[in-house]
Asks: 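Below is one structure. I have some questions about it.
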Amino acid sequence: MGIIMVDKQRMSRLTSLLRRRGIVLPSFELYGGVSGLVDYGPVGATIKRRVMDTWIKHWLSIPNIVEVDSPTITPESVLIASGHVGEFNDKMSECRSCGSIFRSDHLLEDLHHSPENLEAIELDRLISDHRIKCSRCGESDWKEAVPMNLMFKTSIGAMGGSRTAYMRPETAQGMFMLFPALYRHFRQKMPFGAIQTGKGYRNEISPRQGMIRLREFNMAELEFFIDPELPPSTDLGKWQWEVCMIPDPEGDYAGEKNLKIKEAFETGIVKHPTVAWFLGMTAEFLEKVGVDLTKIRFRQHANSEMAHYASDCWDCELLGEHGWIEAVGIANRTCHDLESHQEKSGSKLLRGWREYDTPIREERESLKPVGSVIGPEFRERAADVSSAISDLQKMPESFPFELELSDGKRFVIEETMVQRSSENIVINGEYFTPHVIEPAFGIDRIIWHILDHNFLEMEKEGESYAILSLSSAVSPYDIAIFPLFDKDGMDVMAREIFSSIKSETGIIANLDTSGSIGRRYARADEIGTPWAATIDHQSLKDKTVTIRRRDDQKQIRVGVDSLIQTLYSNSLGTLF
RNA sequence: GCGCCUGUAGUGAAGGGGUUAUCACAAGAGGUUUCCAACCUCUUGUCCCGGGUUCGAAUCCCGGCGGGCGCACCA
């Protein structure tokens, strides 16, 4: 595997910086901390919000996508239908001899066709009957299989009679619940999509790797609903860059290759045009927030590793200090979710209507049961007989005929028991269960890689010097304001500029008055502030300030008015 | 969850059964300085938590919690 050498020194320097400057730090540290939970501090919270905002804006720029927001507490029935309760209840077996833990069904893989469906008692029996050996120590002495639930369980209602619920493991289910409202909102026309951002929860056995595997994490998901027979046409040609792709190693296109999105679809590596479009949109988003596109790759899941709900799945993996990490999953979930909710809830609102180009007209012959004859004749079976007559697909050739019920009983039907009718039926269309294509983004993992890819270390006059070269879309401040000296009128002018910048919508400035000017530049560089405006003696005379660009430390002098104007139009860079 | 390593100011480290725990950087106040972590003075702040051993524990032992690595897990 092409895993790069992990420089632990660099990672710990970056982690120290993140703690020291209040970007990302362990939660509840006062009480010893909790593994798998992190805080975004005073600087990091803004970065996180801007990544989220950029993501939301990215998708809302598409006309048939809207935002929704649903609860994190989810009743058990929803998660039973989605398959999460079953999937999350994997049984685990522990070796008494060496303490190793394995999934019980994995131990029985070769001995049973579907071990994952077995109850704990069955699993234990099979494990002991076949004297399964521990792959670690070779003994076969197992503890009883115990269910391992990876969801946080809770209950709705404080007193007795409460309902079991879980903290959601994904936001997707909330959007499926909203399908009827979305369908109405979009006037029954597909394709359409809904996005949702928020927290998800997984009670990981062993969270590791800093902010890569969290127990509570930020996710951003899009559910895109389509008519499987009318896949939307997409413009794949607008993405000219090539991206690394690793198709299914068991499939026809195995092997890593660099391709344009359009080529990947045209050669058949990516099967669905909408999936291909999402691959492109995903890379475009990652570039916007400052992920290094040479450090991303799309990897197609092999059939064997596909999630329970997906039919085709691509991960977008990012390369950083932890190696290649899955940060986005793009899955064609087909009709799985809506169909399953339809079945479990009994609702008929989870489907779409597809109108035919030309209505189908047909003359349909049918038999209608005559209740007054059938009733007295068949007594307690009369209802069954009547419905069987109505359901008949083929007209009997002659009377009397034999009618077979679903339980196999046969009855003789006389001509007087039915009434023949023929009607002209016009069928204008049909119901179908929409397919869902879902890009799901792990925001914390993306943020880690933004920080990682933009953490630049260099030497400056013999000293080590760190810059977070964050994109202006996600930097914690848009600009830093420095009075060269915090007196002689420079202090007043700096505060005036600061407040007029702050009054512009959405622009965040940071006023720093302490320490030497070089120190202040260094502090701003370290948290990724792209620009610094310094007010010096000349500023007092001619209302100009110097603007320093973080990435090359270049300076220019501009008037205060054009500073504010270009800052507002996000075009400060054009002045250089 | 198992095994090995580990936990000292905001950060990084030193020390280690015995007065008041050390250093650097950072941070705060003041001074100085016409633009890249300068300098001077002063200041704030630390032994992860709980038990045990001991006259005495930050130091030794046990447990917990946190971190790193390996194994397992990651729908």
Side-chain angles (χ1 to χ4, degrees), chain A residues 6 8-9 11-22 25-37 41 79 82-90 92-103 106-107 116 134-137 143 146 148-151 169-170 202-210 212-215 301 305-310 313 322 325-326 329 331 442 460-467 482-488 490 514-526 532-540 545-548 550 553-555 557:
Chain A
V6 177
K8 280 177 199 142
Q9 296 310 310
M11 178 147 69
S12 71
R13 285 192 301 273
L14 173 55
T15 314
S16 297
L17 185 154
L18 298 182
R19 283 171 167 240
R20 190 158 36 83
R21 300 306 309 273
L25 43 173
S27 297
F28 308 115
E29 228 186 353
L30 240 41
Y31 288 94
V34 179
S35 101
L37 300 179
L79 295 162
S82 69
H84 286 95
V85 171
E87 290 289 325
F88 270 63
N89 276 316
D90 292 332
M92 304 296 284
S93 292
E94 185 178 343
C95 171
R96 248 188 257 274
S97 157
C98 71
S100 301
I101 295 189
F102 301 92
R103 271 179 62 165
H106 286 184
L107 294 171
E116 63 276 6
C134 171
S135 62
R136 184 105 176 279
C137 67
K143 289 192 186 170
V146 286
M148 170 193 66
N149 197 323
L150 290 182
M151 287 193 291
E170 57 175 20
R202 294 175 195 185
N203 205 351
E204 297 282 355
I205 300 168
S206 150
R208 285 276 173 88
Q209 300 173 297
I212 299 298
R213 274 176 72 193
L214 296 173
R215 289 191 163 121
H301 281 207
E305 71 170 315
M306 207 97 70
H308 64 274
Y309 46 72
C313 189
H322 292 110
I325 296 291
E326 172 197 348
K460 199 169 172 183
E461 282 150 32
E463 263 189 285
S464 63
Y465 194 90
I467 291 182
F482 302 146
L484 188 57
F485 300 107
D486 199 25
K487 58 181 184 183
D488 302 337
M490 289 174 266
S514 77
S516 72
I517 194 70
R519 176 180 298 261
R520 282 179 270 170
Y521 287 144
R523 285 197 283 235
D525 286 344
E526 204 178 38
T534 303
I535 291 88
D536 58 12
H537 293 97
Q538 193 184 327
S539 310
L540 300 172
V545 294
T546 61
I547 308 292
R548 171 188 180 271
R550 175 196 62 205
Q553 310 184 358
K554 205 175 154 192
Q555 280 190 356
R557 182 171 282 276

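So you know, we letter chains A, B, ... as the sequences are listed, proteins then strands, and number each from 1.
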Asks: Expressed as a whole number of angstroms, how long is the span from A:R213:CZ to B:G1:P?
Replies: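 Interatomic distance, CZ of A:R213 to P of B:G1: 14 Å.
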Asks: Under the 3.5 angstrom rule, does the side chain of A:R19 hit a backbone N or O of A:P26 as a donor-acceptor pair?
Replies: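 Checking the backbone N and O of A:P26 against the side chain of A:R19, no donor-acceptor pair under 3.5 Å is found.
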Asks: Between the protein and nucleotides 12-15 of chain B, which nitrogen or oxygen pairs come in under 3.5 angstrom?
Replies:
from, atom 1, to, atom 2, distance (Å)
B:G12, OP1, A:S16, OG, 3.1

Asks: Within the modelled atom types, does a donor on one side and an acceptor on the other bring the side chain of A:R208 and the base of B:G67 under 3.5 Å apart?
Replies: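 Answer is no: no donor-acceptor pair is held.
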Asks: What is the distance from atom CZ of A:R215 to atom CZ of A:R202, rounded to the nearest 0.5 Å?
Replies: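 Here the interatomic distance stands at 13.5 Å.
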Asks: What does nucleotides 35-47 of chain B look like as a protein-contact string, B for base, S for sugar-phosphate only, - for none, at under 4.0 angstrom between heavy atoms?
Replies: BBBB---------
Asks: When the distance from CD of A:Q9 to P of B:G68 is rounded to whole Å, what number comes out?
Replies: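 Atom-to-atom, A:Q9 to B:G68, this comes out as 15 Å.
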Asks: How close or far is atom C1' of B:U11 from atom CE of A:M11, stated in whole angstroms?
Replies: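 Going from A:M11 (CE) to B:U11 (C1'), I get 17 Å.
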Asks: As a test of your reading of the structure, name each stem of RNA chain B as range with range, where a stem is three or more consecutive Watson-Crick or G-U pairs at under 3.5 Å.
Replies: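 Stems (3+ consecutive pairs) listed as B:1-7 with B:65-71, B:10-13 with B:22-25, B:27-31 with B:39-43, B:48-52 with B:60-64.
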Asks: RNA chain B: A:R21 or A:H537, which has the more 5' nearest nucleotide?
Replies: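 Whichever sits nearer the 5' end wins; that is A:R21.
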Asks: Nearest 0.5 Å please: distance from the CD atom of A:E526 over to the CG atom of A:L17.
Replies: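 So the CD of A:E526 and the CG of A:L17 are separated by 4.0 Å.
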Asks: Give me the atom names and distance for the closest heavy-atom approach of A:F482 to A:A532.
Replies: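 So the minimum-distance heavy-atom pair works out to CE1-CB, 3.7 Å.
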Asks: Of all the nucleotides listed (B:C71, B:A75, B:U32), which has the minimum atom distance to the side chain of A:K487?
Replies: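 My answer, after comparing the listed nucleotides, is B:U32.
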Asks: To check you understand the geometry: which heavy-atom pair defines the closest contact between A:G36 and A:P207, and what is its length?
Replies: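 For A:G36 versus A:P207, the nearest heavy atoms are CA-CB, 3.7 Å.
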Asks: Can you check the A:N203 CG to B:C73 P distance for me, whole Å?
Replies: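 Those two atoms, CG and P, are 18 Å apart.
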Asks: Starting at atom CG of A:L17, determine the distance to atom P of B:C25, rounded to an integer number of angstrom.
Replies: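 Rounded to the whole Å, the gap is 18 Å.
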Asks: What integer distance in Å separates A:Q209:CD from B:C71:P?
Replies: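 After rounding, the gap between these two atoms is 12 Å.
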Asks: Quick one: closest heavy-atom pair of A:L150 and A:E204, and the distance?
Replies: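 So the two residues come closest at CD2-CA, 4.5 Å.
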Asks: Got A:S539 and A:V545 here, is their nearest side-chain heavy-atom distance under 4.5 Å?
Replies: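 Side-chain contact under 4.5 Å: yes.
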Asks: Taking atom P of B:C49 as reference, at what distance in whole Å does atom OH of A:Y31 sit?
Replies: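 Answer to the nearest Å: 13 Å.
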Asks: Please give me the minimum heavy-atom distance between A:H84 and A:P169, naming the atom from each residue.
Replies: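 Between these two residues, the closest heavy atoms are CD2-CG, 3.8 Å.
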Asks: When you match A:D486 and A:S514 each to their closest nucleotide on RNA chain B, which lands nearer the 5' end?
Replies: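 Final value for this comparison: A:S514.
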Asks: Could you give the distance from CG (A:L18) to CZ (A:R20), rounded to the nearest 0.5 Å?
Replies: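 Spacing of CG (A:L18) from CZ (A:R20) equals 9.5 Å.
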Asks: Keeping A:R520 on the side-chain end and A:L484 on the backbone end, is there a donor-acceptor pair under 3.5 Å?
Replies: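 The answer is yes, because a donor-acceptor pair under 3.5 Å joins these two groups.
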